[in-house]
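These notes are about the structure you will find just below.
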Amino acid sequence: VLNRPSSASESVYLGLERLRDKQSSLELSDNSLDIVARTFLDAALGNAYTTLRPWEDMVGSLEDAFGRTITSLQLAICAGALVSNTERVGRAGDFFNEQIPLPRRMRYARKKSGAPTWWVSQFEKVNSAEQAELIMLAFATYASAETFFDLLNHVDANISKLTPQSFAALSAFTGSLHSSIWSPRPSTAIPSFSLSVVGGRTFVIARRKLPKNQVWPAITERLSTTVDDAEFIGGIADDLVAGLMDGEIESRRVLELLEKAPPNPLFEEVSWWRYGTSLGPTRRKRIPVQQIVARCYSLPPVITELAWEVGAMQMAKPTPVTTIAKKQGWFTESTIWDLR
């Protein structure tokens, strides 16, 4: 990992040093790091589209100051999707070699999306929860559907090592990725039996690799046997709400399941973007506004926000007070005001 960025980003680096000096009192969150990262990219925007260097500078400086965080991992994932005819990853085939900048290793991993043998060799090197988190983020993002389903046993073994917070971040992040980064869904069917024997965490990530017409049948089958796993319910919450709006699942059933979902701020961040831009008339009618509001304290906040938004759309447009005043003659000379 680089210890110091290029001179073009000197001011950002000095700012990181000052933040690091005050880290014990600031209790910095990933939101703070995200702001720093955006500043860093703005300083090198001209090169960020064509070369890994700005990304390596940024991720290296963030990790030098604050250690490895969700922000630095996700930025490295985005860097790995860089499209360039001149950028070469070189000898970055050892995924856990910390002497190689993380964005470069991620780019190499993306180029191995359809190479299960290489992924197996990297999975076999995992010896800590941190390494499991790193490779699962890369594999869930970059691996082709065929490679992913071929190695479900490795996914099961490694995803179980993640903390609840790390898994929630993995699930939310992969659910919000743009298609230019995320490995596309396959056009051919995946054998349904392949998901019937995996753990709940593996299912949450694997469902995003299924062809769209197989997602709901797989979820329906899984829900017939898995209803008390709160983490699993939280992981598929976005599909549950989408299924409700698409008429795939009955509203009472969805609300009963969502009440079991654990709090997940990252899910809240990505879900409103997904639902708020797809509320056509038919979908709005399927949102049980009154039921959601009545149970709002036990449901994820984003669901309550969705209900309020739909409810506002369904309300008649309020009459401006000035219109009422004119009709009732509030301010005409003939109006008698009784101030007693």
Side-chain angles (χ1 to χ4, degrees), residues 140 155 159 162 164-165 167-177 182 185 190 192 194-196 198-311 313-314:
V155 176
I159 205 169
L162 273 57
Q165 294 79 8
F167 173 71
L170 171 67
S171 176
F173 182 64
T174 54
S176 64
L177 286 173
W182 179 260
R185 293 179 184 268
I190 300 295
S192 58
S194 62
L195 287 183
S196 62
V198 299
R201 286 183 170 186
T202 299
F203 183 96
V204 168
I205 304 301
R207 85 191 197 280
R208 303 193 190 282
K209 299 284 187 178
L210 288 172
K212 290 185 177 181
N213 63 350
Q214 282 190 265
V215 174
W216 257 107
I219 289 177
T220 301
E221 180 184 6
R222 188 78 185 202
L223 287 175
S224 66
T225 58
T226 306
V227 293
D228 295 324
D229 185 343
E231 186 179 62
F232 169 74
I233 298 301
I236 64 169
D238 54 345
D239 271 337
L240 288 175
V241 178
L244 167 65
M245 293 192 291
D246 291 336
E248 299 280 2
I249 185 171
E250 192 261 332
S251 61
R252 185 178 64 178
R253 172 71 164 153
V254 170
L255 299 185
E256 290 174 350
L257 290 170
L258 289 178
E259 284 182 321
K260 301 177 182 180
N264 183 353
L266 293 172
F267 164 68
E268 303 294 327
E269 290 178 11
V270 303
S271 295
W272 181 245
W273 165 81
R274 175 174 177 177
Y275 308 139
T277 58
S278 57
L279 292 176
T282 302
R283 302 188 102 200
R284 288 201 299 267
K285 290 179 181 179
R286 296 191 178 115
I287 303 298
V289 175
Q290 294 182 347
Q291 296 177 43
I292 292 174
V293 173
R295 304 162 77 164
C296 62
Y297 290 109
S298 59
L299 293 169
V302 70
I303 307 304
T304 304
E305 291 179 25
L306 176 65
W308 281 111
E309 181 71 13
V310 172
M313 292 178 181
Q314 295 174 344

Where is the tightest heavy-atom contact between [X] and [Y], given as atom of each residue plus distance?
X: I292; Y: T304; value: CG2-CA, 4.0 Å
X: A261; Y: G234; value: CB-CA, 3.8 Å
X: A307; Y: V289; value: O-CG1, 3.6 Å

Quiz prompt | Partners meeting side chain to side chain contact (heavy atoms under 4.5 Å, CB included) with R295 (sequence neighbours left out) | solution = L255, E256, E259, S298, L299

Quiz prompt | Residues in side chain to side chain contact (heavy atoms under 4.5 Å, CB included) contact with P164, at least two apart in sequence or another chain | solution = R201, E231

To the nearest 0.5 angstrom, please state how far the [atom1] atom of [X] sits from the [atom2] atom of [Y].
X: R222; Y: I233; atom1: CZ; atom2: CD1; value: 10.0 Å
X: E221; Y: W216; atom1: CD; atom2: CH2; value: 13.5 Å
X: R283; Y: L306; atom1: CZ; atom2: CG; value: 9.5 Å
X: I205; Y: T174; atom1: CD1; atom2: OG1; value: 4.0 Å

Side chains of [X] and [Y]: closer than 4.5 Å at any heavy-atom pair?
X: S251; Y: R286; answer: no
X: V155; Y: V198; answer: no
X: P300; Y: I303; answer: yes
X: V204; Y: I159; answer: no

Quiz prompt | The single option from L258, I249, D246 passing side-chain contact (heavy atoms from CB on, under 4.5 Å) against V241 | solution = L258

Practice problem: Could you check L257 against R253 for side-chain contact (heavy atoms from CB on, under 4.5 Å), going step by step and ending with a plain yes or no? | Solution: CA-CA 6 Å; L257 290 170; R253 172 71 164 153; 3.9 Å; yes

Self-check item: salt_bridge(D238, R207) N-O dist < 4.0 Å
Solution: yes

Practice problem: Just do the side-chain contact (heavy atoms from CB on, under 4.5 Å) check on R208 and S171 with the steps written out, would you? | Solution: CA-CA 10 Å; R208 303 193 190 282; S171 176; 4.1 Å; yes

Self-check item: Heavy-atom donor-acceptor pair, K285 side chain to M245 backbone, under 3.5 Å
Solution: no

